[in-house]
Amino acid sequence: MMVDFTLRSMAAKAAVMLLVVCACGALIFAVISEFIVGTLTDERAAASLTALEAATDYFPNSARLHGRLAAIAEREGDLSLAESHILRAIARSPYNYNFAAMLASVEESRSDCDSAERSLREAIRLAPNKADVHWSLANLLLRRGELGPSLEEFQTAAALKRSLLPGTLNLIWRASNGSVEALEIVSGEEAAARIALARFLLNHSRAEEAAAALNTIGREQRLASAECAALLSDFVGSNQLELARSLWARTVGANDREPRLISNGGFESDAVEGFSQFDWKINRSDYARASIAEGNARTGARSLRLDFLGRDTTRLDNEVEQLVVVKPGAHYRLECYWKSDGLVTSEGPRIVVTTTPAASPEWVASTEPVAAGRSDWQHLETEFVAPSSLDGRPLGLYISIKRRPKFSYDEPTRGRIYFDDFTLTEQPPVATERQTAKGHDRS
């Protein structure tokens with residue numbers, strides 16, 4: 001009995017050792033197989049059809065090998081071989097959406113668009129959140145002349161992958177002969193997409209439609225978007241000033257129906273970051289420091305304070321400015337109030353209306369210069385007729401505080417000035433000399 005027990009023990013050990021050897025062998029084979037398959041299916045490495053076909057003989061159950069072979073065969077124009085191996089890949093890995101999409105590509109190359117559509121819809125069923133599959137189906141439908149059905153797929157693809165939207169808009173614009181309605185569909189309702197649509201339409205000279213697209217976005221979303229701020233500046237740069245002013249007012253909450261054409265004339269609110277297109281812009285100066293003064297105002301609680309730094313030949317250009325929109329040929333009155341504190345100057349600054357914010361623009365109008373020694377609020381005004389425009393559209397003028405030295409050198413300006421209550425109002429038309437003469441003749 002002792003001998004039998006020893007024999008059985010030795011047999012058990014041998015069996016265990018055999019199992020260990022087999023397991024190690026299987027593990028080694030699996031590691032080697034994975035290495036070979038991984039190397040041959042790595043798209044960064046070159047692989048020939050011959051090598052891949054040989055590998056599929058050794059590893060016939062590798063879906064990846066069949067898929068890699070099919071891709072290379074399709075690229076080299078052997079569609080029959082490609083279809084054969086992609087079908088084998090699908091049989092071994094039926095839930096891999098990439099294989100269904102690859103089959104669709106092969107089927108479309110063989111002009112079997114119906115089968116290609118079915119394969120792509122199967123790929124979408126397997127991976128409904130993959131933008132590239134929706135994009136492929138959308139393009140297939142568009143190539144078949146089915147613009148309407150393609151739009152939903154384009155919209156889904158662009159919603160899943162926002163970088164696809166600019167290309168989508170270009171593609172649909174051409175395919176639909178410039179249909180804004182089609183662009184609306186593919187853009188969807190998401191704020192970033194609506195801004196992209198508005199930018200596209202503005203770039204294609206469809207400013208009214210661009211503004212309408214932007215107006216569908218909530219005010220808070222617009223205020224939070226740097227792209228929206230940049231787009232408003234593009235409206236200004238495209239000379240769409242009336243639309244830009246209306247969009248800006250809706251965005252920052254200003255009342256664009258108010259008769260006053262200057263925004264924030266009393267400096268009671270701060271400009272919204274990125275949205276100062278039609279608000280006061282305060283820029284750096286080597287000669288004066290502009291700031292908002294609290295508690296020192298003619299009306300309200302705030303005013304503009306200008307502190308001169310005492311440097312000789314003091315010059316002011318665009319340190320404080322605002323863009324306003326006016327009617328060409330219309331008559332306007334510009335008014336404000338000012339007072340000074342310790343002002344010493346050979347000639348004070350003026351409120352000036354110019355055509356551009358450049359350093360040497362055309363002056364449309366200017367007030368008298370601010371005088372020294374006035375510590376109570378003083379009225380300042382000027383009237384002007386807005387320049388004409390070739391197309392009759394509203395135009396932009398800049399209101400700013402300027403000081404131009406009369407000579408190459410003058411004494412430093414010191415002290416400070418406060419400004420408040422700017423208004424710009426349209427006046428009745430100015431009668432010309434000919435109209436006046438006709439009136440006298442009739443009398």
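Just so you know, residue 1 is the first one in the sequence shown, and it goes up from there.
The main-chain N or O of Asn129 is never found under 3.5 Å from a side-chain atom of His134 such that the two would form a donor-acceptor pair. For the pair Asp410 (side chain) and Pro405 (backbone), a donor-acceptor distance under 3.5 Å is absent. At distances below 3.5 Å, at least one donor-acceptor pair connects side-chain atoms of Trp248 with backbone N or O atoms of Phe275. Under the 3.5 Å distance criterion, the side-chain polar atoms of Thr216 are matched with a main-chain donor or acceptor of Ala213. A donor-acceptor pair is defined here as one N or O able to donate and one able to accept, closer than 3.5 Å; no such pair exists between the side chain of His331 and the backbone of Pro429. A donor-acceptor pair under 3.5 Å is formed between the side chain of Ser340 and the backbone N or O of Arg374. Checking side-chain atoms of Arg289 against main-chain N and O of Leu306 turns up no donor-acceptor pair under 3.5 Å. Side-chain atoms of Thr251 come within 3.5 Å of backbone atoms of Leu247 as a donor-acceptor pair (strictly under, hydrogens ignored). Side-chain atoms of Ser93 do not come within 3.5 Å of backbone N or O of Ala89 as any donor-acceptor pair. Not a single donor-acceptor pair under 3.5 Å links the side chain of Glu76 to the backbone N or O of Asp78.
The side-chain heavy atoms of Val186 and Trp173, taken from C-beta on, include no pair separated by under 4.5 Å. Inter-residue side-chain proximity for Leu183 and Ser176 is flagged as unmet; no heavy-atom pair is nearer than 4.5 Å. At a threshold of 4.5 Å between non-hydrogen side-chain atoms, the residues Glu321 and Asn283 count as touching. Put simply, the side chain of Arg404 reaches to within 4.5 Å of the side chain of Arg315, judged on heavy atoms. In this structure the side chain of Arg222 reaches within 4.5 angstrom of the side chain of Asn215, judged on heavy atoms. Using a 4.5 Å heavy-atom threshold, the side chains of Asn318 and Lys402 count as touching. Looking only at side-chain heavy atoms (C-beta outward), Val353 and Val324 stay at 4.5 Å or farther from each other. In this structure the side chain of Thr313 reaches within 4.5 angstrom of the side chain of Tyr409, judged on heavy atoms.
Residue Tyr418 comes nearest to Ala293 through the heavy atom pair CE2-CB, 3.9 Å, listed as atom of the first residue, atom of the second, then distance. Considering all non-hydrogen atoms of both residues, Gln155 and Gly188 come closest at NE2-CA, 3.8 Å. When all heavy atoms are compared, the tightest approach of Ile195 to Cys228 is CD1-CB, 3.8 Å. Heavy atoms only, all atoms of each residue included: Phe308 and Pro349 are closest at CZ-CG, 4.1 Å. In plain terms, the two heavy atoms of Leu165 and Ala158 that are nearest each other are CD1-CB, 4.0 Å. The minimum heavy-atom distance between Gln277 and Leu323, with the atom names listed, is O-CB, 3.7 Å.
The one candidate from Ser105, Ser150, Ser119, Cys113 that meets the side chain to side chain contact (heavy atoms under 4.5 Å, CB included) condition with Leu140 is Cys113. Just one residue in the list His204, Glu208, Glu209 forms a side chain to side chain donor-acceptor pair (under 3.5 Å) with Arg206, and that residue is Glu209.
Rounding to the nearest 0.5 Å places CD of Glu381 at 13.0 Å from CD1 of Ile351. Annotation: the span from Glu74 atom CD to Leu81 atom CG amounts to 11.5 Å, rounded to 0.5 Å. Here the straight-line distance linking atom OG of Ser84 with atom CZ of Arg88 works out to 4.0 Å at 0.5 Å rounding. Summarising the geometry, atom CG belonging to Asn139 is positioned 11.0 Å from atom CD belonging to Glu153; distances are rounded to the nearest 0.5 Å. Between the CD atom of Glu383 and the OH atom of Tyr332 there is a distance of 13.0 Å, given to the nearest 0.5 Å. Between the CD atom in Glu335 and the OG1 atom in Thr382 there is a gap of 10.5 Å [rounded to 0.5 Å].
Annotation: Glu146, atom CD; neighbour count of heavy atoms from other residues, nucleotides and ligands within 6.0 Å is above 12. By the neighbour-count criterion of 12 heavy atoms within 6.0 Å, atom CD of Glu347 is densely surrounded, having more than that number from other residues, nucleotides or ligands. Open room surrounds CZ on Phe407; 12 or fewer heavy atoms of other groups in view lie less than 6.0 Å from it.
Using a 3.5 Å distance cut-off with no hydrogens or angles, the side chains of Arg118 and Ser115 do pair a donor with an acceptor. If you check the side chains of Lys339 and Asn296, you find a donor sitting under 3.5 Å from an acceptor. In summary, the side chains of Ser285 and Glu319 do present a donor paired with an acceptor at a separation below 3.5 Å, with no hydrogens or angles considered. Between the side chains of Ser179 and Glu181, not a single donor N or O lies within less than 3.5 Å of an accepting N or O. Side chains of Ser263 and Arg245: a donor on one and an acceptor on the other come within 3.5 Å.
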Audit row: Gln378, Asp376, side chain to side chain donor-acceptor pair (under 3.5 Å) steps and yes/no: CA-CA 6 Å; Gln378 304 293 313; Asp376 55 341; 2.8 Å; yes
Trace of the side-chain contact (heavy atoms from CB on, under 4.5 Å) decision for Ile185 with Glu152: CA-CA 7 Å; Ile185 294 173; Glu152 182 180 350; 5.9 Å; no
side-chain contact (heavy atoms from CB on, under 4.5 Å) assessment of Leu214 paired with Arg194: CA-CA 6 Å; Leu214 205 55; Arg194 303 298 293 176; over 6 Å; no
Pair Leu309-Asp286, side-chain contact (heavy atoms from CB on, under 4.5 Å): steps then yes or no: CA-CA 8 Å; Leu309 302 180; Asp286 291 332; over 6 Å; no
From CA spacing to verdict: side-chain contact (heavy atoms from CB on, under 4.5 Å), Thr345, Val370: CA-CA 9 Å; Thr345 182; Val370 169; over 6 Å; no
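By the 4.0 Å N-to-carboxylate-O rule, Arg144 lies close enough to Asp114 to be salt-bridged with it. The residues Arg393 and Glu242 are annotated as not salt-bridged, no charged nitrogen and carboxylate oxygen being separated by less than 4.0 angstrom. Between Arg110 and Glu107 no salt bridge is recorded (no basic side-chain N to carboxylate O distance below 4.0 Å). Under a 4.0 Å N-O distance rule, the pair Arg199/Glu227 does not qualify as a salt bridge.
Residues Phe154 and Trp135 bring their aromatic ring centres within 6.0 Å.
Under the salt bridge (Lys or Arg N to Asp or Glu O under 4.0 Å) criterion, the residue pairs touching residues 296-311 are Asp270-Arg302, Glu294-Arg302, Arg298-Asp421, Arg305-Asp307, Asp307-Arg416, with sequence neighbours excluded.
Aromatic ring orientation, Trp280 versus Phe267: parallel (interplanar angle below 30°, classes split at 30° and 60°).
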